[in-house]
Amino acid sequence: MRMPLFRGMKRWGVLLSALILSSLLLAACGESSPSVLNTQGPVAAKEAGLFWFILVVATIVFVIVEGILIYSIVRFRERPGMPAPRQIHGNTNLEIIWTIAPSIFLFAVLIGTIYTMFNLSNISGTGRPVTVQVVGHQWWWEFDYQNEGVVTADEMHIPVDTVINVSLQSTNVIHSFWIPQLTGKTDVVPGHNNTKVFKADTIGTYRGLCTEYCGLQHAHMDFFVIVMSQDGYNSWVTAQQQAAVKAPTEANAKAGQQLFLGAGGCQGCHGIVGVNLKDYTHLNGGASASLLVGPNLTHFGSRRTIAGGVLTWDPATCQVVTGSDGKPIIQNEQQCGLYQWLHDPQGVKPGNDMVIRQLSDTEIAQLVAYLESLT
Amino acid sequence: MATRTITEGVSVVRRKRFSETYVGDWIMTTDHKKIGIMYIVTAFFFFLAGGVEALLVRTQLAVPNGKVLSPEIYNQVFTMHGTTMIFLFVMPMLTGLGNYVVPMMIGARDMAFPRMNAFGFWVVLLGGLFLTSSFLFGAAPNAGWFSYAPLTELTQDCGATAVLCTPGANMDFWALGILMLGISSIAASLNFVVTILKLRAPGMTINRMPMFTWMTLVTAFLLLFALPSVTAAAILLLLDRHLGTHFFQSGFGGDPLLWQHLFWSFGHPEVYILILPAFGIISEVLPVFSRKPLFGYTFVAWSGVAIGFLSFTVWAHHMFAVGLPLVAQAFFATSTTLIAIPTAVKIFNWVFTVYGGKISFKPPMLFALGFVAMFLIGGLNGIALAVVPVDYQLTDTYFVVSHLHYVLFGGTAFGVFAGIYYWFPKMTGKLLNERLGQVQFWLMLIGVNLTFFPMHILGLLGMPRRIYTYPDNLGWNDLNLLATIGAFTIAAAVLVFLWNFVITLRSGQPAGTDPWDAFTLEWDTDSPPKPYNFPVLPIVRSRRPFYDKKNPETADWKTATH
């Protein structure tokens, strides 16, 4: 009756420790995951360091306390003929000890906490610091490089080994800005201009996520941080500062621009500098570009992420060809994220602001041709 | 002749009053035991509802790009899962157990205000049905159990355009439901406070009260002081939504963080409201099945009181990421560290209650031991969240989901099942089947760890809470599937319990008045007890009055000083 209990306990213990070990290895090494333990910058590294410290201490406490518990369960299980135990009501000295012991341990952790907290933003880099205003929309991220005069969406480009100062803005609900491999999160609260400082040590692409529940499509509010060399970043900025070509020459792209500008066209929500925007912040008429609810598309052809990471696309898989009826079509629709998005934005991401009429495959191909040209 | 017969018939076969019928007896009752049972049954019903919601959530997340629920339905289901489990399962369940047990434990014949007691129950039932009925209108609350403004606002100034945030009645259901349940909790808490302070049997000083009574008292005070803040928040939200005020709208000088401060200054005491009575339950169960008194009664009681006070000073540790000044964050990190100390003390006291005992592994004991083992994990992973820089990484990820479920499921739910197995024979006169109890316990222990342990790692791997789906290339797939398998294991355990419940009611083994050879006064009554509980009020001379009565030679009042 009683023995199965302990055999089960042991099995459970083995299972648990196997789980812990295998999964922590997974967490530390999972290359594809945005793991907080696979750090690529000093802020995340400090945070992870503290986590490992707590993990070690907590594991020791866990083993000791569960050990005493399991020992007591085994040692003092009822056996036939066992006399009634001594009626011990307590032991003040012992209890004082186990009040003080965890206090010492907890206050050691607290000192580490407070020290790290106040030093978290204490970082320096080689390049000139970059300031980015991050705007949380429902449900995508806008990155506004005010000093450079560039606005982009879904992909945040930053130079490596450079201090990045982020200011967080929202005019709708609360979001939270998080790049697990680079920095912990800070909420984007309307009316509170929260700021954040971080740095990336390694060139690469890192996933960022919204981590405050922000409504229907909270699940689809990711972004990518693209860490570039200093030179690469500079040329990216220079390229982004260029206006788009006012009148494309290629026939499909030209037709695509007509759709963009036409009655009920994309320009009601999206801006392209040089086409319906004077610059990144002003419409042609001089009004503020913030009247447009959708992301800026001036250099959409240089981005690969659509609508908060719900889809990605690549010009290589979105080739526009001439169909059997002589009209342009996308060669392989199912592999083209941009086709899927333009074909049925509400099906891909229900509830998003892009409510459009059903576009024909020809129109989609023309729009894709135009958007591809916006590099 | 004939006339006379008729007259006699009328006078003899008087029509039963409504309160004398079986149904009427339950509806009209003011007996704390009947009300307690109704609370428990109602809470268990909502536990099943919340459990189905949890299974829906886990089914949707079992594989990447899940298509079981639409995003809107998913959001409603996870919101109602949290709301149901907290407000409609744990709170009524603990109130119900308290209602049933506390008056008997302290040697009273009923609660201080029996009719208010009944009122409290009926409001819970109506409030719960009201909240749940929102599904019928397709408008269940959908903004999470903490309902952060401004997402919960009707409209919100969004630059040039007014964006509708939650235009439907979803949040009205939530706010009104919370207000109703708050009224009920206030009624129940006042009743507990007065009952425990005024109706104790002769000789039962505060220092001799059973630990479950102690923890119920602390919880009642917590509710009385914490509920006003969430009540205010819900009313302000309703004003914002319907009367054009702007308490939480930054565009008009309001502040979204006001909601968070109001909510969490209720919400954190609430966490202890959900766990303290469970502390009390296992502080009753562990001694009885170890055949020893509770180790360090005074420390356990006063650490509960300390937790009660400190729980009002830690609310902003739910808000480390909102951008509070660093000094404020340091304050809340410190208070959170402080509240961990009395909690740690309790765990040591429980372990040493078991140590040196004569342990019998009846189902209540299994669940109580499971509580200690699981609650320890919930306490230790909580430390990671109290460490502010680590919290920046882990808050609002699945790590938090893991932490809170180790505390609320591994802790409170195990405590509740310990309590149900422990007091069921008193309530019905029948013993729940022991073998099925063991099966349920092991299924549940495995299920809890299978479900919630992988969530630690999911959080570390960057999976946020409250996402209705996730892509397949982030290394989250296997762990999510494991968690779903665990959730269904827990569901199987609950089905075993239901089966046990049914067969025990039909043909359970008779329990007698004192099946566990227990220590406290509720066992010194019939099973089930008479409406008046005690024919003669007991006289109390120590912390274990019934133990004293059964062991006059070694009675506590002879050997211990308290």
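The sequence lines fix the lettering, A, B, ..., with proteins before strands; numbering per chain opens at 1.
B:Ala344 touches chain A through its side chain: at least one heavy atom from C-beta onward sits under 4.5 Å away, while N, CA, C and O do not. The contact between A:Arg207 and chain B is made entirely by side chain atoms (from C-beta outward), counting heavy-atom distances below 4.5 Å. In this structure, chain B has no heavy atom under 4.5 Å from any part of A:Ala48. If you measure heavy-atom distances from A:Phe105 to chain B, the contacts under 4.5 Å come from the side chain alone. There is no contact between B:Thr336 and chain A, counting heavy-atom distances below 4.5 Å. With a 4.5 angstrom heavy-atom cutoff, B:Tyr297 touches chain A only via backbone atoms. In this structure, the portion of A:Leu209 lying under 4.5 Å from any heavy atom of chain B is its side chain and not its backbone. Contact of A:Trp98 with chain B is made through backbone and side chain together, with heavy-atom distances under 4.5 Å. With a threshold of 4.5 angstrom between heavy atoms, A:Ile104 does not approach chain B through any atom at all. Within the 4.5 angstrom heavy-atom criterion, only side-chain atoms of A:Leu120, from C-beta onward, approach chain B. For chain B, the nearby part of A:Ile114 is the side chain; its heavy atoms alone come within less than 4.5 Å. Interface remark: A:Asn91 contributes backbone and side-chain atoms alike to the contact with chain B (heavy atom separation under 4.5 Å). No part of A:Ser288 comes within reach of chain B, as not one of its non-hydrogen atoms sits under 4.5 angstrom from that chain. Within the 4.5 angstrom heavy-atom criterion, only side-chain atoms of A:Leu94, from C-beta onward, approach chain B. Both the backbone and the side chain of A:His218 have a heavy atom closer than 4.5 Å to some heavy atom of chain B.
Remark: the B:Glu72 side chain and the B:Asn142 side chain contain an N/O donor-acceptor pair separated by less than 3.5 Å.
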Working for ring pair (Phe, Tyr, Trp, His ring centres under 6.0 Å), residues B:Tyr355 and A:Phe76: CA-CA 7 Å; B:Tyr355 187 91; A:Phe76 299 106; 4.9 Å; yes
Kindly determine whether B:Tyr398 and B:Trp476 satisfy ring pair (Phe, Tyr, Trp, His ring centres under 6.0 Å), including the steps that lead there. CA-CA 11 Å; B:Tyr398 262 82; B:Trp476 300 344; 8.6 Å; no
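For chain A, the option among B:Asn381, B:Thr152, B:Ile383, B:Thr554 with the highest count of heavy-atom pairs below 4.5 Å is B:Ile383.
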